[in-house]
Amino acid sequence: MRFKLLSIFAAAVLVAACESTPDATDGSAGDGDVMVEEIIVEEINPLSTQYVREVLGDHVLFGLNSSVINAQAQGTIKRWAEWMNAYGQIVVIIEGHADERGTREYNLALGERRATAVKNFMISMGVDASRIATISFGKERPIVEGHTEAAWAQNRRGVLVLG
Amino acid sequence: MKSIHRIYCLITALVLVVGVGFSQDARAQLVVDVVSGQNDPLPIAVTDFVGSETDATIGANIAEVVAADLERSGLFDPINRAAFIQSAADIGLFPRFGDWRTINAQALVTGLVEREADGRLKVSFRLWDTFSEEQVDGFVYTGGEDIWRRIAHKIADAIYERLTGEGGYFDSRIVYIAESGTASARVKRLAIMDQDGANHQFLTDGEHLVLTPRFSPTSQEITFMAYFNNKPRVYLLDIDTGRREVLGDFPGMTFAPRFSPDGRKVIMSLSVDGNTDIYVMDLPTRSIVQLTSDGAIDTSPSYSPDGNFVTFSSDRGGKQQIYVMRSNGTDAQRITFNEGTYSTPVWSPRGDLIAFTKQHQGTFYIGVMNTDGSGERLIAEGYLAEGPTWAPNGRVIMFYRETPVGTQNLAQLYTIDLTGFNERLVPTPLDGSDPAWSPLIP
């Protein structure tokens, strides 16, 4: 079950580790020897923040002034929902964020709208609503600092945080 | 709360003695035109207020604060005291007006610092027209030594009112958000200061995110939004006691609070299931009434000064525009139809105008318009500018502006005349945002 949930990123690490194994020696290298060490894949606890960030992906992005869940975001949120359905003890908080190009109060409302859109999509995937809290930070907590369209695009986001 | 007792007009007899030798035309000069906002400021001489050896310093300080207030308004040009011919101590009961006309002072302020029997300050001032050679105004104020700055602001207000015909605004305070740290980990603290930046103090320690403070019109209270315990909610804070309480037990985020003009209600936004509507809480009973109920974002509500109407922003028409409804929530009418998006409407304390934030083609503007949306006038702009707040006289607007510095923003407070002239930086110890102007201090 656990491996089924690993993302492509995590799977790629596993492949790299397997390829390394045949080259491993006893480690007692003398002059002229090539020393090779096996790369051990650390198991990431699926209930950890690291797992959310590195395996599931911890955020989805939104368009300008939009709370529409696009196709890429749907893929991420589906992973979140499957993971929550697999681990019934998990509760999460969905943070909604906005870029800096709006007024403060409107952006607070927009962040809440985005967080709720994510929550509703997870509910539609079978996750119980009581396990998903939402909070909006409006434009108060950008993840990428700067004044470019690229920075703003990264800041219009919904973030999954372990509850 | 300490109070200053405004006593009475000084020495009316003097007025009978003076006023000779100058025509009505000359007398008519001593009026400051506030309509266009772009006339030359009125040259005014503010002399050090005279007092005993120990009180002379207070007298000089009062004169400095008065002159600084008047100068900042943009309507007055205080003359450098180095140019004064007649010394303050030499003026006595009657200035040598020729000496003051010679340095082009059209108005002259003189004053006296004395002590009541109980040690309180007794500060008197006189405002003179140097051309008609008349005393135009004069008042005595008494109060504790620790509130000499307030006495100075009240004197500046009296001069401003007498010469402009508008209400004063110098004896007032600003609550705002002091900011520090990088954009992604910004530390925000509630802070309060006098209108001129003096007596600055922090009201929160920065551990929790705080936003959008607003003054009560009737008490020493602030309503604001904060993330205490990671629950974004509207709070009430008593400035004097520091007592803080959450307003209501709402199922979702509450924000964008503002008092009603009578101070009995707080109007705010509540987000439930991603939808944001406007609610009002009656403070004495804590009863709550929902005023809007559509699927749009309805926020930034602000009462008209008579309490009969509420202006707010909504994206119910597709993008953010400004609306006005009756204060019971009925009869909402959109009032902005020009290009761009409109938000943060704030009703003028005089009732005649609504200040707002506009975004158009990547620029933010601060503007004012009539309450039906006509007569739009943009008075300031920036990479990001928002959050207008009115001075108590409905004449001056404060807002904040963020200016890009590398990947960061420099956030600062500014004042500007509603005509769009006289933009001034308001100095703050840290970055500043979300200013709110108090009413005149009673």
Side-chain angles (χ1 to χ4, degrees), chain A residues 62-69 93-123 129-130 132-152 154-155 157-159 161-163, chain B residues 177 182-186 188 209 211-212 225 227 230-232 252-257 268-277 295-301 312-315 318-320 341-344 356-359 362 364 383-387 400 402 404-409 433-434:
Chain A
F62 291 92
L64 182 65
N65 279 338
S66 169
S67 56
V68 172
I69 309 286
I93 302 162
I94 304 296
E95 298 178 353
H97 297 267
D99 67 33
E100 64 178 356
R101 306 305 289 156
T103 45
R104 191 178 316 289
E105 290 172 344
Y106 180 79
N107 277 347
L108 286 169
L110 182 59
E112 192 64 36
R113 208 185 238 176
R114 285 173 174 161
T116 304
V118 172
K119 174 179 177 173
N120 288 341
F121 195 86
M122 293 169 79
I123 292 170
S130 65
I132 311 167
T134 60
I135 186 169
S136 172
F137 286 96
K139 61 176 176 178
E140 306 304 318
R141 289 286 178 263
I143 188 77
V144 176
E145 297 178 343
H147 313 299
T148 60
E149 180 48 52
W152 301 331
Q154 291 297 312
N155 291 330
R157 69 201 195 278
V159 180
V161 178
L162 288 173
Chain B
I177 299 297
T182 58
S184 57
R186 201 74 162 154
K188 298 200 172 192
L209 185 59
L211 303 169
T212 63
M225 191 251 202
Y227 283 70
N230 251 352
K231 286 185 96 173
M253 173 173 68
T254 48
F255 62 106
M268 64 185 115
S269 280
L270 164 64
S271 291
V272 181
D273 296 330
N275 180 40
T276 298
D277 284 313
I297 290 174
D298 297 333
T299 191
S300 304
F312 62 101
S313 80
S314 175
D315 63 358
K319 59 182 185 176
Q320 280 187 97
T341 61
Y342 290 77
S343 53
T344 76
F356 57 88
T357 305
K358 169 175 175 152
Q359 288 172 256
F364 281 65
Y383 172 77
L384 191 149
E386 69 162 302
Y400 84 92
E402 291 187 0
V405 180
T407 60
Q408 304 297 314
N409 275 318
S433 65
D434 293 3

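Chain naming here is simple, since letters A, B, ... match the order of the sequence lines and numbering starts at 1 in each.
Using a cut-off of 4.0 Å between Lys/Arg side-chain N and Asp/Glu carboxylate O, A:E140 and A:R104 are scored as salt-bridged. Using a cut-off of 4.0 Å between Lys/Arg side-chain N and Asp/Glu carboxylate O, A:R113 and B:D315 are scored as salt-bridged.
A 4.5 Å side-chain heavy-atom check between A:N65 and B:Q320 finds every atom pair outside the cut-off. Using a 4.5 Å heavy-atom cutoff, the side chains of B:Y227 and B:L211 are in contact. In this structure, the side chains of B:P232 and B:T254 stay at 4.5 Å or more apart for every pair of heavy atoms. Annotation: side chain of A:F62 is in contact with side chain of A:I69 (closest heavy-atom distance under 4.5 Å). Contact annotation: the side chain of A:F121 never approaches that of A:V118 to less than 4.5 Å [non-hydrogen atoms, C-beta and beyond].
With a 4.5 angstrom heavy-atom cutoff, B:N275 does not touch chain A via any of its atoms. If you measure heavy-atom distances from B:T357 to chain A, the contacts under 4.5 Å come from the side chain alone. For B:Y383, the parts lying near chain A are the backbone and the side chain together; criterion is any non-hydrogen pair under 4.5 Å. Looking at B:K188, the atoms closer than 4.5 Å to chain A (heavy atoms on both sides) all sit in the side chain, from C-beta outward. For A:A109, the parts lying under 4.5 angstrom from a heavy atom of chain B are both the backbone and the side chain. Heavy-atom distances place both the backbone and the side chain of B:I297 under 4.5 Å from chain A. In this structure, chain A has a heavy atom under 4.5 Å from the side chain of B:Y400, while its backbone stays farther away. If you measure heavy-atom distances from B:T344 to chain A, the contacts under 4.5 Å come from the side chain alone. Proximity to chain A is absent for every atom of B:A385, based on heavy atoms less than 4.5 angstrom apart. With a threshold of 4.5 angstrom between heavy atoms, A:I135 approaches chain B through side-chain atoms but not through N, CA, C or O. In this structure, chain B has a heavy atom under 4.5 Å from the side chain of A:K139, while its backbone stays farther away.
Looking at A:E100 and A:N155, their side chains never bring a donor and an acceptor atom within 3.5 Å of each other.
In this structure, the side chain of B:D273 does not engage the main chain of A:T116 through any donor-acceptor pair within 3.5 Å. One N or O on the side chain of B:Q359 and one on the backbone of A:R101 form a donor-acceptor pair closer than 3.5 Å.
If you tally non-hydrogen atom pairs under 4.5 Å between each of A:E112, A:R141, A:R114, A:E145 and chain B, the highest count goes to A:E145. Interface summary for chain A: among B:R186, B:E402, B:Q408, the most heavy-atom pairs under 4.5 angstrom belong to B:Q408. When the candidates B:T276, B:D298, B:T182, B:T341 are compared by the number of heavy-atom contacts under 4.5 Å with chain A, B:T182 comes out ahead. Considering only heavy-atom pairs separated by less than 4.5 Å from chain A, the leading option among B:A185, B:G387, B:S343 is B:S343.
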